[in-house]
Amino acid sequence: MLDGSRREFADPVTGAELAAAIGPGLAKAAVAVKIDGRPRDLATLIDHDAAVAIITRDMPEGVEILRHDAAHVMAEAVKELYPETQVTFGPATETGFYYDFARATPFTPDDLERIEERMRDIVRRDEPINREVWDRDKAVAFFDRIGERYKAEYIGEIPPEQEISLYRQGNFVDLCVGPHLPSTGRLGQAFKLMNVAGAYWRGDPNKAQLQRVYGTAWPNQKELDQYLFRLEEAERRDHRRLGRELDLFHLQEEAVGSIFWHPKGWKLFRIIEDYMRRRLDAAGYQEVKGPQLLDRSLWETTGHWENFRENMFIAESRDEKILALKPMNCPGHVLIFRNRLRSYRELPLRLAEFGSCHRNEPSGALHGIMRVRAFTQDDAHIFCTADQVTLEAIAFCELLLSIYRDFGFADVAIKFADRPPHRTGSDEVWDRAEHDLKAAVEAAGLSYTVNPGEGAFYGPKLEFVLRDALGRDWQCGTLQLDFNMPERLGATYVGEDGGRHVPVMLHRAILGSFERFIGILIEHYAGNLPLWLAPVQAVVASITEEASPYAEEVARELTAAGLRAIADPGNEKISYKVREHSLAKVPLILAVGRREAEQRTISLRRLGSPAQEALALGEAIARLKVEAVPPGCA
RNA sequence: GCUGCCGUAGCUCAGUGGUAGAGCACCCCCUUGGUAAGGGGGAGGUCGUAAGUUCAAUCCUUACCGGCAGCACCA
């Protein structure tokens, strides 16, 4: 058993009987049973000595089974309401489930309501769910006969050694490996249909487009409510909304996929850029700036023309040369590297650029400032010898984690992405690159998971994923090992032996794209940026007009001390000003009235707290100046 | 790019086959108020764009543009 104990039975028992033998509470919470590590239906007969664990509805595996059942119940409801619809796949997801349906007319929101209502009926009916093992040909014939072409097609692709299992609940029969709940009633009512969208059959844009209905499902109502609340919270934090409300940026159709940065948004951008520049300088990088437009021939050499032609912006010069707006910075950096003869003594050479790139992303991919067509990378390329890769990778990981911490992200996961199907370079080169990169991250003492086939076309990569305040994951940083491009572009250095060698190139970014990272920061902090990042750190608000000259003076002194401060001398009540600047998420409000002006003090109020603190002007400035210093900049 | 939905004032949204409305924001005036909305007045819209149907289109139809959700994509 899970707790290490043993239980003996004279005759084989089912998972359900076992759970009941242990206790009625467990029997009720049980959704499936794990036999020798394999999840099975509760009705499965345990006929040998086995390692058995009861899966309950509150365990992650149990929730997954619930969600999978919810998908089946939805399919049953759809088949009852719209018998002409064909079913395809319906798996569990991170927060719920979906099912892809094939039908001529799309579902409407009204249809969703009807389907959800019918699902609730099916749960109330408490239909038994039974597993049946079928002969392969009979199963194909069966699904063909009932008009489920997708199911019939899919059976043909199931490996021959695998059993063909069908699950029956009420009049609904679905091809499925399971496991499933014993009956539909066990699902409970803590689910909700969310939306409809298109999805391709087998994820292939060349195949039929299906109607995907998304739902969410949880072990109980409380968790469902919490989830729905989290969705609302995410909406409140949406960077597109906050970007407008805080007057940071806007987007409009004359520049689809590009950002109009307003003064406050651009200030934030520059604060981050200045911070990154300090960190990179300190870490031994040298900043460069490459050209925006580069000749087509260069992109042909790098392989981008072949691989990403559709996604590049093309321009023509007056002498009819074809140029492309750079979609990435690395070729420029290689050209800087190979502009003159390099010695091994110069390695590792770390060239950094706040590189402005353009990629003609498909219109459906665009999303606020997170996915745009014009963006800025905190990009750098490290040219080094094969022997230096490990130390460089370790140093990079440390720099990255330290920078993430400064921005308030402590929870970082690492993924190792190996060779993709479509790639350049020989298998020998890939073997070595993958081996070296893995060795480096292991040497750095970091753990990682593997992301198969997700590497760049020129080399494997490490992906750094940070988790935000809402528990969402964002892949930002990357470290890519490239044995290919330096060779393609003819970069060499003179080694200790006097011979020419091709350097290894590490592509690396920490924030990824400034635009996207700023979007993440806004959502992570719900717009309440920490003092060092806030575009406006302090507002000095006068309480009466008499005190306005003093408010202006205080703002000037704060500015002189290096703080981003403005005065609000306007003709409004102090409560109005407090509200206005609080909504604008200004971290510090310094209120000054007649009393403060006479005594040369201020009344300090911090965002998120109604508390007030009376301070002498000099002391306030001294303290706030220290507080506002960016991290790593003492 | 694909599927579906959406597009009315700066924002959030009403509304109608007979040339448009609210609240907030904005501007002006009154008010000088001690920590999350003081009062009054004013200005503001080619109803996404273009065709079509109609005596008449913001409203109906079509196409295009843009947005949203998901899919696909993400060097």
Using a 3.5 Å limit on both pairing distances, list the dot-bracket string of RNA chain B from the 5' end; Watson-Crick and G-U wobble pairs count, crossing pairs take [ ], interstrand pairs take |.
(((((((..((((....[..)))).(((((.......))))).....(((((..]....))))))))))))....
Assess whether one donor atom and one acceptor atom, taken from the side chain of Glu596(A) and the base of rG34(B), lie less than 3.5 Å apart.
yes
Could you tell me how far rA57(B) sits from rG42(B) if I compare only their P atoms? Round to whole Å.
32 Å
Base, sugar-phosphate or nothing for Leu583(A)? Non-hydrogen atoms, less than 4.0 Å.
base
With a 4.0 Å cut-off on heavy atoms, is Arg240(A) in touch with a base, just the backbone sugar-phosphate, or nothing at all?
sugar-phosphate
Report which part of the nucleic acid Asn195(A) touches: base, sugar-phosphate, or nothing (heavy-atom distance under 4.0 Å, all strands).
sugar-phosphate
Can you tell me how far C1' in rA63(B) sits from the matching atom in rG23(B), rounded to whole Å?
36 Å
Any donor-acceptor N or O pair under 3.5 Å, side chains Asp111(A), Tyr82(A):
yes
With sugar-phosphate meaning primed atoms plus P, OP1 and OP2, does His367(A) contact a base, only sugar-phosphate, or nothing at under 4.0 Å between heavy atoms?
sugar-phosphate
Which part of the nucleic acid, if any, lies within reach of Lys207(A) when heavy atoms closer than 4.0 Å are counted: base, sugar-phosphate only, or nothing?
nothing
Donor-acceptor pair under 3.5 Å, Arg241(A) side chain vs rC11(B) base
no
For rC65(B) versus rU53(B), give the span between their C1' atoms, rounded off to a whole number of Å.
23 Å
Regarding Glu245(A), tell me which of base, sugar-phosphate or nothing describes its non-hydrogen contacts under 4.0 Å with the strands shown.
nothing
Once hydrogens and angles are ignored, does a donor-acceptor distance under 3.5 Å link the base of rG70(B) to the side chain of Tyr200(A)?
no
Heavy atoms under 4.0 Å, any strand shown: does Glu253(A) hit a base, just sugar-phosphate, or nothing?
sugar-phosphate
Taking the cut-offs as 6.0 angstrom to the six-membered ring centre and 45 degrees off its axis, would you call Arg296(A) and Trp299(A) a cation-pi pair?
no
Side chain proximity check, Val78(A) to Arg103(A), heavy atoms < 4.5 angstrom
no
Rounded to whole angstrom, note down the P distance from rC24(B) over to rG18(B).
29 Å
Rounded off to whole Å, could you give me the CD-to-P distance for the Glu310(A) and rC73(B) pair?
15 Å
Does any part of the side chain of Val592(A), heavy atoms only, come nearer than 4.5 Å to the side chain of Ile543(A), both counted from C-beta?
no
Within the stacking criterion (centroid distance below 5.5 Å, interplanar angle below 30°), does Tyr576(A) stack on rA37(B)?
no
Answer with base, sugar-phosphate or nothing: what part of the nucleic acid does Glu546(A) contact at a heavy-atom distance below 4.0 Å?
nothing
Does the separation of the ring centres of Tyr458(A) and His507(A) fall below 6.0 angstrom?
yes
Counting any heavy atom closer than 4.0 Å, what does Arg212(A) reach on the DNA or RNA strands: base, sugar-phosphate only, or nothing?
sugar-phosphate
Gap between atoms CG and P, on Leu231(A) and rG70(B) respectively (whole Å):
10 Å
Nearest-Å distance once atom P is located in both rU46(B) and rA9(B):
9 Å
How would you label the contact of Ser582(A) with the nucleic acid (heavy atoms, under 4.0 Å): base, sugar-phosphate, or nothing?
base
Using the P atom on both, measure rC64(B) against rA22(B) and round to a whole Å.
37 Å
Under 4.0 Å between any heavy atoms, over every strand shown, what does Thr108(A) touch: base, sugar-phosphate, or nothing? Just pick one.
nothing
